[in-house]
Structure formats: structure tokens, C-alpha cells
Amino acid sequence: MDISHLVDKLNDAQRQAVTAPIGPALVLAGAGSGKTRVLTHRVAWLVEVENVSPQSIMAVTFTNKAAAEMRARIEHMLQLPTAPLWIGTFHGIAHRLLRIHWREAKLPQSFQIMDADDQQRTVKKVLKALNLDEERWVPKEVVWFINAQKDAGLRPNNLKSEGDFNREQMIKLYAAYQDACERGGMVDFAELLLRVFELLRDNLDLQAHYRRRFQHVLVDEFQDTNAIQYQWLRLLAGPEGNPFVVGDDDQSIYAWRGAKVGNLLQFQKDYSRLKVFRLEQNYRSSGNILKAANKLIENNSGRMGKNLWTQGNEGELIKLYSAYNERDESDFVVNRIRHWIDKGGKRSECAILYRSNAQSRVFEEAMISARMPYKVYGGLRFFERQEIKDALAYLRLVHNRGDDTSFERVVNLPTRGIGQRTMEIVRDYARANACTLWNAAGANMQALGSKGGIALHGFMLMIEKMEQAIRELPLHEQVDHVIAHSGLLTHYRNDKNGGEARIENLEELVSAARGFNADNTNAAEAGEMTPLAAFLSHAVLESGEGQANDGEDCVQMMTLHTAKGLEFPMVFLCGMEENLFPHSRSVNEPSGLEEERRLCYVGITRAMKHLFISYAESRRLHGMDSHHSPSRFIREIPSELLEEIRPRIQVSRPVYTSGYASSSANGYSSSRSSKMVEDTPNGIKLGQRVRHGKYGEGVVLKFEGDGSHARVEVRFERQGTKWLMLAMAKLETI
DNA sequence: AAATCAACGCTTTTT
DNA sequence: GCGTTGATTT
């Protein structure tokens, strides 16, 4: 048999992992060492060489994106339909199992998944029902407690108060919250995993069935698994199974949400037959970048040990830029990107990475004034937008009357005379009779005032009518109908601020429904879900990234966390300052600091050829000017790998704020003596209005260099800001 | 029920 | 400093 296509393009280490005899395996894969390649080739190897049935393979990832990518690559390799393989996220696969086994899992068939927002609302509702003060029991913290317990695989009755009143109350809240979820047939994200775990643990028939079926479970990004995910995996694979996991302890950056790097070690203990493979050859970054990453990460303790190397050349040094302030930093980045574009590079090859989302703002402003297309990743996702959630709530209510969260959300949206008074009566009744809000509203008509009662009746009638009306329609028309007939559309049309964008999003929801292929999702295949039901689950599980790719070549902006798994020819690591990165809330604990360092490691290893590190000596943060020293991580990179760049002989400075400008000269230039020069030879000053033959009128923002190399930056009214050679441009002062 | 105001808080994020 | 959220006002 010809297996060359499976192994030809692999290096030794990769090949050993891919062709390992069937059995448990751990692949420690450094950044850029081809771990996805190993994973996909392993699947192909199992199918083509070991004659494993695709049906008995499950591949688990953390994000939908990774799952889709893996499926595409496997499909490409196998040249076979990949439907029989289970490929998905932990949550997606758990969901699929629960849709099949809802009865055994003691769930209503119509159970709904709640997102973080729904969860918080439910907690607030519970707090209110128990008459507890939200100041004392902060909903966010309660949610956090509940999720942490579920992530650890613990139910309220597994928990002890340990004489701690606070904890005791939290446990009670957890129990009350769980009751509320059960009543409404709601399942939160952590519950998906916990339910499936319990299902397999307590139902030995099912356990045996799935162990027999899935002899080959493969896991990507194993270092990000939390306690319940690992227990889930062990239960599914069983002691005789052959889990094949890939991970990198140095890229564990999610401990703060429950990921346990320790699972890597535990895995080695739990499977004595385990074979360990190390992938250390890096195909992404040039030598200097790798050296920097290796040296940095050496400062962490308790690593499994790994040293990345490359056959490629050293490449450039890492450029270090010390900016005067955050504006200067963003200007610097924009200029370097512009330079890159001028030399024929793409904007999408450039990534601006930062520690926290708030930092994107300054860069966005700089990009806008430079007319440079950009895209910021993160922030509000499509399915998390208010108007989308409103529409989905209507759809959910149409699909399932028992969905209290949705009921609460839209009962008075748009306002239809069902105020707090009316709802309080309904809620009380529901609480007293342990029934859903819908049933309470239906049963309790006489207790309501006539006004509220009639309005409520009208609302319920509307929902019923919508269900009738859409019964025979294709999915996207169902969505369209509900948006129009619920009154949402008119409501947002009348909203003067921001309403237009909302309408557009609602229209986008209709086209998302049109493009939604229920057959593609794991859920639909599992049971007789209606397309609507499948779409609703899809909407919660899949946050709606990847739709708005309009194809324009854009500079990429995102947090370091978001950048994991990606690579770019040119990377800017910005805001490298103490208290920002490492973040002030992480520096006190050694484990927190080490996670920050791993985050920095992730950032450095995103870069293929050009890496820029920058920090600002002064930065406006939370409305205050603060001065931070350069990040300790810069010092941990050997200085011979760094090249400080000071492109400006002149200090660029804000034009209109004069008091500010004078301090900049002292604060900034350290090595070279730079005298402040106010005038250019032509008598052009900063802030001077000028006229250009082609670009029209503008204002001089900066200038650099002297003699024949003198350049000025001018902001033109119509053409944006441009750098001009003074000797060539023939500027006329106005 | 809409509009306006004060208070808060401010890492990282997927599902 | 800004955006969100809850409370208060009309």
C-alpha cells in the first residue's frame, strides 16, 4: 500500500506520532510545530492504514473554528465524506449526545442551551425570588461560583459549607439556580459537559456502548481542558481506550477559567501505556524570534521542557520601540504597516496584538485617520447582540413555551402594557405552583388587573398565532415572520439612536437562517429536531464569528488570547508595560505571572518574520496619565536579539497641546541628544497650514530628519495624512 | 413608559 | 474616560 501521501511531508517526530501503533498517545507540540497536521494525518492514518472505521473516531477541539478547520483538512486528505466522524467542540459533542439521550439524561426533549447572558439573568431572578440583596450577592460572582463548581464536576450536594456562611449561601444559590434551570428545561454551557459526564458515569450500558464505538478519541489543545472535560474524556475513552491528545503546556493561557495544565501530567499517570512524542521543530518563525521565545519561557518553573528550533535562518532582530505615549505608539505601528504595504505586503499579514481589549481604541483611531482598513476581533459577537437575542427569544418562545428566560425578555418588548406589577403577579404564581411563567400567565388570569390581563392574553395569543403561521415555512421565512410580527422590527425602526444598525443585524439574522444548513450540524442528525430547534441551538453554541468576512484586506487587531493558534508575517506586540502586561492583577501571584509569561510566549511565537515590541512611557489609562516601566518580559529577552529603533530624530509630539509637548523632549530621547527644532528650513512649523499641488490644504503634524532628508507629515482635509519629502513636495505655507 | 442621570468598574473568553 | 446599567424623574 502506498502510504507516502500520509508521511512524505512529515518530519521524523511528526511521522513517529502519526504512525504510532494504536494506543494512548500524548503529543507535546510546540508553537508552530505542525500539531494540526499531526492530528489530521493521524486520523487519515487510522482510517487508511489501520483500517479503523471512520465511525469510531471522535476529534474534539475547543472552538467551532478549529473543528471546522479540522473537518475540512481531514476531508481533503481522506477524499471521503467526513460525516461519520464525530468532529466538534467539547460542548458541541456533549450537546449532540444529550439530544440523542435526553431521556436518560433526564432532560425535556425541548431543552434549550443558555448562554452567559441568560445565565446571569437566571441568577438575578433566583436572587430576587430568595429576596437576597444583589449588592451582597453579586450576580457575577454567583455565576462564577456556580460555573467553577460545575467545571470541577461538583453538584450542590457534593459541596460542604465548611462553616463558612458565605459559602453556604453560595451553595444554596447554586441549588436554587439549578432548580430554576430544570424547571425551564435550560442547560448552561458547563451543564452540557457535566450532564454527559453523569450520563456516562451512571448509565453503564451507554458507557459501554460509546466506549466500544469511539475507540479513537483525539483531543486538540489538551492543555486547555478543565477538570470535567478531562473526566469526561477518561470516561469516554475508558482505561482500554486509545486517546490521542495534542497539547503544549507552554501555551496554557486559560487557567483563569478552569483549565488545568496538570491534566497533561495526570494523563501520563492515568495511562501507563502512554507514548509521548515531542514536536520541537518550528516551521513558522525565524531563528531570532524562536530564541527570544525560548529564553523568555525558561523563566517559568515546572515546565515539561521543550526547546523550539528551526532549520530556517536567524532572520531579523526583534525591533523594540519605546514610544512616548500611546498615540506615538499607534503612529509608529501605522507607519511601519504603511511601509510594509508600500513594499507590496498585505494588510492582513500584519497583526496588532495587545493584552486587553481597551487598548484597541487608540489603534483604531490611528487606523481611521490613516485611512487604513482594519478589523478588530473580539468584542460583541453577532448572536450576543441585544436585538439578535430579542429575536431569538421570540423564536425560542414560539418553539418552547416553557422558556422562562425568553418569556421575561420579550413579554414587554416592544412595550405592550405588561409592566413590573403584572409580571410580579405572574412570577409569584409560577413560584408558588412550581410552573413556568407561560402556564402561570395562562392560569392566573383572574388575579391580574384587567389591563395587564388583557395585554398578557394578547401577547400569548400572538405567540400561538406565530407558531401556527410559520409551521409550514422554510426556516429563514420563519425567522423573518417572527421578527416582523412580534413588533421587534417596528420597535427598532422607531429607535432613533442605533436602530438602523439593529435592523441590519436582524436582516442579517434572516440571511444567517437562510444560509443555515441543519444537516451540517451535529445536533440535527442526532434526533428529529426541527430546523428551527437546530438553528436555535446553533445560535447559542456558535457565537457567529466568521460571517462578516467581507474580503477586504485588513490589518488584524486582537488580544493575545484571541491570537493563539494564528500566525502572521508581521506582528506588533504592543503595550509591553508593567501593570498592563503582565497585568497588574496577575503580578502578585507567581502562577498568575507565569500565565502572563506564557501569554507573552504565545504572542512572540505568532510572528513569522517581523516582530515589533513596543511600550509607551506614558499612557492614558482609565482617564489618568500613568507612567509604567517597560515590561519585565522585555528584559527576559536577550538584548542581543533586540534592536532598539528610533526612527525619529525629532520627537513627534501633539501639535495643539503645548504644555504636554515640552515634557516629551525630556521624557523620551535617551541615547541621542535631540535638539528641539521648531522650524524647517522653509519656515514650515508644526501646526502650520500648508497647500500642496495635488492634495490641497492641510496641517503639518510632525517632522523628521533634516537637510535633504527632512520629511513632514501633513494631515490633508480630503486625502488623510501623508508623509512628504520636504525637498520634493513644494509645500506652500498659508 | 420613555428619558435622563448618577454610579460603577475596569483583564483575558469559548462554549 | 467611557460605556453600561440601574434608579429616578416627568
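So you know, we letter chains A, B, ... as the sequences are listed, proteins then strands, and number each from 1. Bear in mind that the values here come from a model prediction, so they are computed numbers and not experimental data.
Rounded to an integer number of Å, the gap from CG of A:N147 to C1' of B:dT13 is 12 Å. In this entry the distance linking CG of A:N579 with C1' of B:dC10 reads 14 Å, nearest Å. Between the P atom of B:dT12 and the CG atom of A:L593 lies a distance of 18 Å, rounded to the nearest Å. One can place NE2 of A:H491 at 10 Å from C1' of B:dA2, the figure rounded to the nearest angstrom. The nearest whole Å value for the distance from the CG atom in A:D220 to the P atom in B:dT15 is 13 Å. Atom C1' of nucleotide B:dT15 and atom CG of A:D118 are separated by 13 Å, given to the nearest angstrom. Here B:dT15 presents its P atom at 15 Å from CG of A:D151, a figure rounded to the nearest Å. In this structure, CH2 of A:W144 is placed 14 Å from C1' of B:dT12, rounded to the nearest angstrom.
The side chain of A:T63 sits closest to B:dT15 out of B:dA1, B:dT15, B:dT13. Side-chain proximity of A:R620 to B:dT12, B:dT15, C:dG1: nearest is C:dG1. Checking B:dT11, B:dC10, B:dA2 against the side-chain heavy atoms of A:S356 singles out B:dT11 as nearest. Comparing B:dT11, B:dT15, B:dC10 against the side chain of A:K140 picks out B:dC10 as the nearest. The side chain of A:R355 approaches B:dT12 more closely than any other nucleotide in the set B:dT12, B:dT13, C:dG1. Distances were taken from every side-chain heavy atom of A:E384 (C-beta onward) to each of B:dA1, B:dT11, B:dT15; the shortest belongs to B:dT15. When distances are taken from the side chain of A:H561 to each of B:dT13, B:dT15, B:dT11, the shortest belongs to B:dT13.
Side-chain N/O atoms of A:N357 include none lying less than 4.0 angstrom from OP1 or OP2 on B:dT11. At least one side-chain nitrogen or oxygen of A:R361 sits closer than 4.0 Å to the OP1 or OP2 atom of C:dG3. Contact check, A:R257 against B:dT12: no side-chain N or O comes under 4.0 Å of OP1 or OP2. At the phosphate of B:dT11, OP1 or OP2 sits under 4.0 Å from a side-chain N or O atom of A:H583. Distances shown here put a side-chain N or O of A:T562 below 4.0 Å from the OP1 or OP2 atom of B:dT13. Taking 4.0 angstrom as the limit, A:K124 places a side-chain polar atom (N or O) nearer than this to OP1 or OP2 of C:dG6. Considering only side-chain N and O atoms, A:T559 lies nowhere under 4.0 angstrom from the phosphate OP1 or OP2 of B:dT11.
A donor-acceptor pair under 3.5 Å is formed between the side chain of A:N412 and the backbone N or O of A:R416.
One finds no salt bridge joining A:E326 and A:R620 here, because no Lys/Arg side-chain nitrogen approaches an Asp/Glu carboxylate oxygen to under 4.0 Å. Salt bridge absent: A:R257 and A:D151 never bring a charged side-chain N and a carboxylate O closer than 4.0 Å.
The residue A:D224 sits apart from the nucleic acid: no heavy atom pair falls under 4.0 Å. Using a 4.0 Å heavy-atom distance criterion, A:S584 is classed as making no nucleic acid contact. No contact: A:E595 has no heavy atom under 4.0 Å from any strand.
Comparing A:R585 and A:D115 by the nucleotide of DNA chain B that holds the closest heavy atom to each, the one mapping nearer the 5' end is A:R585. Checking A:S586 against A:V540, the closest nucleotide of DNA chain B that is more toward the 5' end is the one next to A:S586.
B:dT12 adopts an anti glycosidic conformation, its chi angle falling more than 90° from 0.
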* To do: Show the numbers, then the answer: is there a side-chain contact (heavy atoms from CB on, under 4.5 Å) between A:Q251 and A:R598?
  => CA-CA 6 Å; A:Q251 289 190 75; A:R598 290 191 293 269; over 6 Å; no
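Side-chain rings of A:Y254 and A:H561 approach one another, their centers coming within less than 6.0 Å.
Note on ring orientation: taking the six-membered ring where Trp is involved, the planes of A:H91 and A:F189 are perpendicular (angle over 60°, cut-offs 30° and 60°).
Checking A:S537 against A:R99 by side-chain atom types alone, a donor-acceptor pair falls below 3.5 Å.
On the P atoms, C:dT5 is 15 Å away from B:dT12, given to the nearest whole Å.
With its ring centre under 5.5 Å from that of the base six-membered ring and a plane angle below 30°, A:W256 counts as stacked on B:dT12.
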